[in-house]
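Here's the structure we're looking at; comments come further down.
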Amino acid sequence: MCENKFNIRTIILLSFLLTWAAVAAAHVFYYSVVERSRLNSEGEYFAWREGTLPALRGRILDKHGIELAWTELYHDLVLVSPPERPARRTALANSLASLPFKVAAPDWKSGNVRNLVLRRELQPEMIAACEKLLAEYPELSIEPRTERRSIDYPEVKRLLGKTTQGSEPGVLKGLDGEERLLEKRLAGREGRFQVMLDKNGRWIDGTLKMLEKPVNGDDVCLALSLDDIRYGATNGKL
């Protein structure tokens, strides 16, 4: 009688273990084979980030090659988002104060610190001085900014028109005048890059991939000289 009970318990236990093993094997098979591709894709999605590199807008020249409009590229130090923990905010403020150049001090209490420009027009040596700080604080970023300049004559400015900021940082679009009419030739094509980030959002060294190099816009020569424009002798020759 006792032997029968022992055999029954043994069979139940073995059945349980076999069922558990089968379920475990099924899970292993499912996630390592069936779902492997999807999980790998999701892992790469969360690990890799893409960014854009602005293309410089082409110049507008007169028929003699004199620059009438051109683009200047600048880089600004920006606080993209504030650290969540007060201790980290204090540490970041101290690190900013220790830089070899002056930057704006974030006013954490105001709440108006998202996308805050801390320093405009960084020089190359300033960018180099920020390298370690950027690696430690992904809340910071060096953002490109382009400005359109033109020769300082009202007649030229009126003819060329204005530009406005595009949808991507550092990208300008023609708003009116020749800037708008020549948009396709002047605009160029922005580049794309991909980089892997760690769990804290920091770039991982050696993972930067250039997916597409930026192509600067074409320089366009008008059929007019600077004097033609200044003294109104356009006669439709653009």
Side-chain angles (χ1 to χ4, degrees), residues 49-80 101 103-104 114-130 134 140-195 208-238:
R49 291 293 183 270
E50 284 194 12
T52 59
L53 297 171
L56 284 180
R57 191 173 181 83
R59 301 177 300 166
I60 299 179
L61 313 172
D62 83 342
K63 68 178 183 180
H64 299 303
I66 297 174
E67 283 186 325
L68 303 179
W70 62 93
T71 300
E72 294 182 359
L73 175 64
Y74 302 98
H75 291 88
D76 301 331
L77 179 62
V78 179
L79 177 61
V80 180
F101 54 90
V103 300
R114 190 173 295 275
N115 294 321
L116 175 66
V117 178
L118 302 175
R119 176 73 186 229
R120 292 186 178 274
E121 300 181 20
L122 294 176
Q123 301 300 316
E125 62 273 13
M126 294 178 178
I127 295 176
C130 290
L134 292 169
L140 296 174
S141 177
I142 293 180
E143 300 287 345
R145 172 174 54 87
T146 54
E147 291 188 7
R148 193 67 165 168
R149 305 292 188 187
S150 64
I151 197 166
D152 195 18
Y153 290 116
E155 301 83 4
V156 174
K157 292 179 179 293
R158 187 164 49 250
L159 174 70
L160 300 183
K162 298 178 181 179
T163 59
T164 185
Q165 181 67 50
S167 57
E168 297 293 335
V171 177
L172 297 173
K173 296 185 65 176
L175 188 62
D176 53 17
E178 292 302 304
E179 293 281 9
R180 182 176 180 181
L181 292 174
L182 300 170
E183 175 65 26
K184 289 185 177 180
R185 297 178 62 185
L186 294 171
R189 187 176 69 250
E190 67 184 16
R192 295 186 304 115
F193 68 90
Q194 189 180 61
V195 68
L208 180 65
K209 296 181 180 179
M210 185 64 66
L211 303 179
E212 188 176 356
K213 292 183 178 181
V215 178
N216 292 337
D218 295 332
D219 291 342
V220 179
C221 286
L222 302 181
L224 297 169
S225 69
L226 175 58
D227 286 341
D228 289 337
I229 300 171
R230 288 185 62 194
Y231 301 116
T234 56
N235 296 323
K237 300 177 181 179
L238 296 178

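Contacts of R185 classified as side-chain hydrogen bond (donor to acceptor under 3.5 Å, both in side chains), with partners at least two apart in sequence or in another chain: none. The side-chain hydrogen bond (donor to acceptor under 3.5 Å, both in side chains) search around R192 returns E50, not counting sequence neighbours. Residues satisfying the side-chain contact (heavy atoms from CB on, under 4.5 Å) criterion with K213, sequence neighbours excluded, are M210. Judged as a side-chain contact (heavy atoms from CB on, under 4.5 Å), and not counting sequence neighbours, the contacts of L116 are L79, P106, V113, L118. E72 is linked by a salt bridge (charged side-chain N to carboxylate O under 4.0 Å, His left out) to R149, counting only residues two or more places apart in sequence or in another chain. With sequence neighbours excluded, no residue forms a side-chain hydrogen bond (donor to acceptor under 3.5 Å, both in side chains) with T164. With sequence neighbours excluded, the residues satisfying side-chain hydrogen bond (donor to acceptor under 3.5 Å, both in side chains) with S150 are K157. Checked against salt bridge (charged side-chain N to carboxylate O under 4.0 Å, His left out), D76 has the following partners two or more places apart in sequence or in another chain: R120, R145. With sequence neighbours excluded, the residues that form a side-chain contact (heavy atoms from CB on, under 4.5 Å) with E125 are Q123.
Atoms CG and CG, from L222 and L160 in turn, are 7.0 Å apart once rounded to the nearest 0.5 Å. Once rounded to the nearest 0.5 Å, the distance linking CD1 of I229 with NZ of K63 reads 10.5 Å. Rounding to the nearest 0.5 angstrom, the gap separating the OH atom in Y153 from the CZ atom in R230 is 4.0 Å. Summarising the geometry, atom CZ belonging to R148 is positioned 9.5 Å from atom CH2 belonging to W70; distances are rounded to the nearest 0.5 Å. Put simply, CG on L224 and CG on L159 are 7.0 Å apart, with the number rounded to the nearest 0.5 Å. Between the CZ atom of R180 and the NZ atom of K162 there is a distance of 14.5 Å, given to the nearest 0.5 Å.
The two atoms that bring L77 and L122 nearest to each other are N-CD1, 3.8 Å, heavy atoms only. Nearest heavy-atom pair, H75 versus P144, reported as atom, atom and distance to 0.1 Å: CD2-CA, 4.0 Å.
Counting heavy atoms from C-beta outward, V80 and N115 have side chains that approach closer than 4.5 Å. Using a 4.5 Å heavy-atom cutoff, the side chains of T163 and L175 are not in contact.
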Check residues 55-62 and write down every donor-acceptor pair under 3.5 Å in which the side-chain atom is one partner and the other belongs to a residue at least two apart or another chain.
from, atom 1, to, atom 2, distance (Å)
R57, NE, E179, OE1, 3.0
R57, NH1, L172, O, 3.3
R57, NH1, E183, OE1, 3.1
R57, NH2, E179, O, 2.9
R57, NH2, E179, OE1, 3.2
R57, NH2, E183, OE1, 2.8
R59, NE, D219, OD1, 3.4
R59, NE, D219, OD2, 3.1
R59, NH1, E67, OE2, 3.0
R59, NH2, D219, OD2, 2.8
D62, OD1, H64, N, 2.9
D62, OD1, G65, N, 3.0
D62, OD1, I66, N, 2.8
D62, OD2, L226, N, 2.9

